[in-house]
2 protein chains.
Amino acid sequence: MKTQQTAEGVARPAGRPRSEKAERSIIEATLELLGEGIGVSELSIESIASRAGVGKTTIYRRWSNKEDLVVDALATLKPPIPLPQGATVRDDLVTYLRVIQEESRHHRTRCIMNIAMSDSERHPRLAERFRELAVEPRRAVVSAVLRRGMETGELRADLDIDMALALLSGAMIWLTKWSHAGDSQADLPERIVDEALKGFRPRPSES
Amino acid sequence: MKTQQTAEGVARPAGRPRSEKAERSIIEATLELLGEGIGVSELSIESIASRAGVGKTTIYRRWSNKEDLVVDALATLKPPIPLPQGATVRDDLVTYLRVIQEESRHHRTRCIMNIAMSDSERHPRLAERFRELAVEPRRAVVSAVLRRGMETGELRADLDIDMALALLSGAMIWLTKWSHAGDSQADLPERIVDEALKGFRPRPSES
DNA sequence: TGATTATGAAACGGTCCCGTTGCGTATCGA
DNA sequence: TCGATACGCAACGGGACCGTTTCATAATCA
C-alpha cells in the first residue's frame with residue numbers, strides 16, 4: 001500500500017478516500033434504529049446499511065463488529081447543556097430533573113437509555129461508554145451545584161453528594177418508568193426536589 | 001370432542017391429559033433463559049423446548065405466542081416476603097432496601113428486572129404484569145411502613161408516600177447500576193435511608 | 001379393546017441475517 | 001492515462017429460528 005505525505009505530515013493511503021458522508025449516515029442510521037426501540041442484539045448490519053443507503057461492505061470495512069459501531073455511534077451524542085446557575089440550588093436541581101424528564105420524552109433518548117440500563121450485562125463496553133458520555137458529565141454538573149449549596153449554607157455541610165445525586169436521578173427515572181400514564185407529571189421535578197430537600201423526618205423548628 | 005364429568009363437575013376432554021410436568025419445565029426453562037441474560041426478543045421457542053426437554057409442538061399447543069408464555073412465566077415468580085415490623089421505621093426501610101440489594105445479586109432476578117425496565121416499550125403487557133407482581137406489592141408494604149411512621153411521628157405527617165418510595169427505590173437501583181464495581185456497598189441501604197430521612201437542608205435545631 | 005388426545009422427534013419450506021466475494025463505477029494521486 | 005482504493009449492488013453458502021405437519025408412541029376413558 002502506497003502512502004503519501006499531506007501538508008500536515010499525516011500519512012495517507014493512495015486511491016479514493018473514504019466517504020465522510022457515508023460514515024455519518026451509517027452512524028445516524030444506527031442511532032435512528034436504536035431510537036426506534038431496536039435493541040443492540042436485534043440490530044442488524046443489513047438494516048443499518050439499508051437505512052443509511054450504503055453497501056454492507058462499506059460498514060464492514062470500517063467496523064469489525066457491531067459493538068464497535070454502536071460504541072462510536074454513542075460517542076457522537078452531544079453532552080448535555082451545562083446547567084445554568086439559577087438563583088437557588090433548588091432551582092438548579094429542578095432544572096436538572098426537568099432536563100431528564102424532557103429527554104425521556106424523546107424516543108431516541110429514552111431507547112438509548114434503555115439500552116444503557118439493560119444491555120449493560122452483556123455489553124460492558126457499551127455501558128462504560130454510556131457512563132462516560134451521559135452519566136459522568138451530569139454527575140459533575142450536579143455535583144458542582146450541590147457543593148455550591150453546601151458552601152452557601154442552603155444545604156447541609158455534611159451532605160453525601162453521590163447519595164444525593166442517586167436519590168434525585170433515581171427517583172426521576174423510577175417515577176417516569178412506573179407511575180401510571182394518566183398521572184399528570186408536569187410538577188414532578190419540583191415535588192422530587194422539595195421532598196428530597198425536606199427529608200422524611202419532621203423538622204422540630206418548623207413544625 | 002367428547003367430554004366427561006369429573007367428580008368435581010368440571011368438564012374434561014377425552015384422551016390423554018396434558019402433562020403438568022411438561023408445563024412446569026417449559027416455564028422453568030423460560031425463566032432460566034431469561035435469567036441468563038437472554039432478552040425477550042432473542043428468546044426462541046426452539047431454545048426453550050430444547051432446554052425443557054420438550055417438543056416445540058407441546059409449547060405451541062399451550063401458548064399461541066411468545067409473549068403469553070413469558071407473561072405466564074413471570075406470574076410464577078413468588079411475591080416478596082412481607083416486611084417484618086422492626087423497632088423503627090428506619091430499620092424497616094433499611095431492611096426493604098437490603099432485600100432489593102440482595103435480589104439484584106442473583107442473576108435471575110437482575111435479568112428479569114432488566115427486562116422489565118427495558119422491554120416495557122415494546123411489551124406493555126409484560127411491563128404491566130411485572131408492575132402487578134413485583135412493583136405493586138412492594139409499594140404496598142413500604143407504604144404501610146411509611147404510614148406507620150407518619151402516625152407515630154417518626155416521619156413528617158405530610159410526607160408524600162409515592163415520592164418517598166421513588167426516592168428510596170430509585171436511589172438503590174441507580175447506585176447498584178452505576179457505582180463503580182470496586183466500591184464497597186455493604187452499607188448502601190443504611191446510607192440511602194439516613195440521607196433520605198435527614199433531607200438535604202440543614203436542620204436549624206440540630207446544627 | 002378401541003377411540004381420543006398428548007408427547008417428543010424429525011422434517012418441512014420460508015425468512016432473516018451473517019460475513020464474504022465479485023462486479024462495474026467513481027475518485028483520488030502520480 | 002494509470003494504479004489504487006472506495007463505492008453501491010447483487011449474489012453467495014451457511015446458520016438460526018419460524019410455525020406447521022407427520023409420525024410412532026403414550027396415557028386416558030368408555
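Bear in mind that the values here come from a model prediction, so they are computed numbers and not experimental data. Each chain gets a letter, A, B and so on, in the order the sequences are listed, and its residues count up from 1.
- The interatomic distance linking A:I59 (CD1) with C:dC17 (P) rounds to 13 Å, in whole Å.
- Candidate nucleotides C:dC28, C:dT7, C:dG8 were compared by shortest atom distance to the side chain of B:R16, and C:dT7 ranks first.
- For the pair B:E46 and B:K56, the salt-bridge criterion is met [side-chain N within less than 4.0 Å of a carboxylate O].
- Across the protein-nucleic acid pair, B:Y60 atom OH and D:dT20 atom C1' stand 9 Å apart, rounded to whole Å.
- A:R90 places no side-chain N or O within donor-acceptor distance of the main-chain N or O of A:D194, the cut-off being under 3.5 Å.
- In this entry the distance linking CZ of B:R18 with C1' of D:dA27 reads 15 Å, nearest Å.
- Listed here is the closest heavy atom pair of A:L31 and A:L74: CD2-N, 4.5 Å.
- OP1 or OP2 of D:dG8 has at least one side-chain nitrogen or oxygen of A:T58 nearer than 4.0 Å.
- In this structure, a donor-acceptor pair under 3.5 Å is present between the side chains of A:R147 and A:S143.
- For B:R61 and C:dT5, the CZ to P distance is 12 Å, given to the nearest whole Å.
- Note: NZ (A:K66) to P (C:dG19) measures 8 Å, nearest angstrom.
- For B:E20 and D:dA27, the CD to C1' distance is 14 Å, given to the nearest whole Å.
- With hydrogens and angles left out, the side-chain atoms of A:D91 and A:T88 include a donor and acceptor closer than 3.5 Å.
- For the 3.5 Å distance criterion, the side chains of B:S50 and B:S47 fail to qualify, holding no donor opposite an acceptor.
- Shown here for A:P137 and A:E132, the closest heavy-atom pair between the two residues is CD-O, 3.0 Å.
- Whole-Å rounding puts the A:K21 NZ to C:dT27 P distance at 10 Å.
- Of the residues in residues 33-52 of chain A, not one places a heavy atom less than 4.0 Å from an atom of DNA chain D.
- At a cut-off of 3.5 angstrom, the base of D:dG8 holds no donor-acceptor pair with the side chain of A:K56.
- As rounded to whole Å, 12 Å separates atom C1' of D:dG8 from atom CZ of A:R62.
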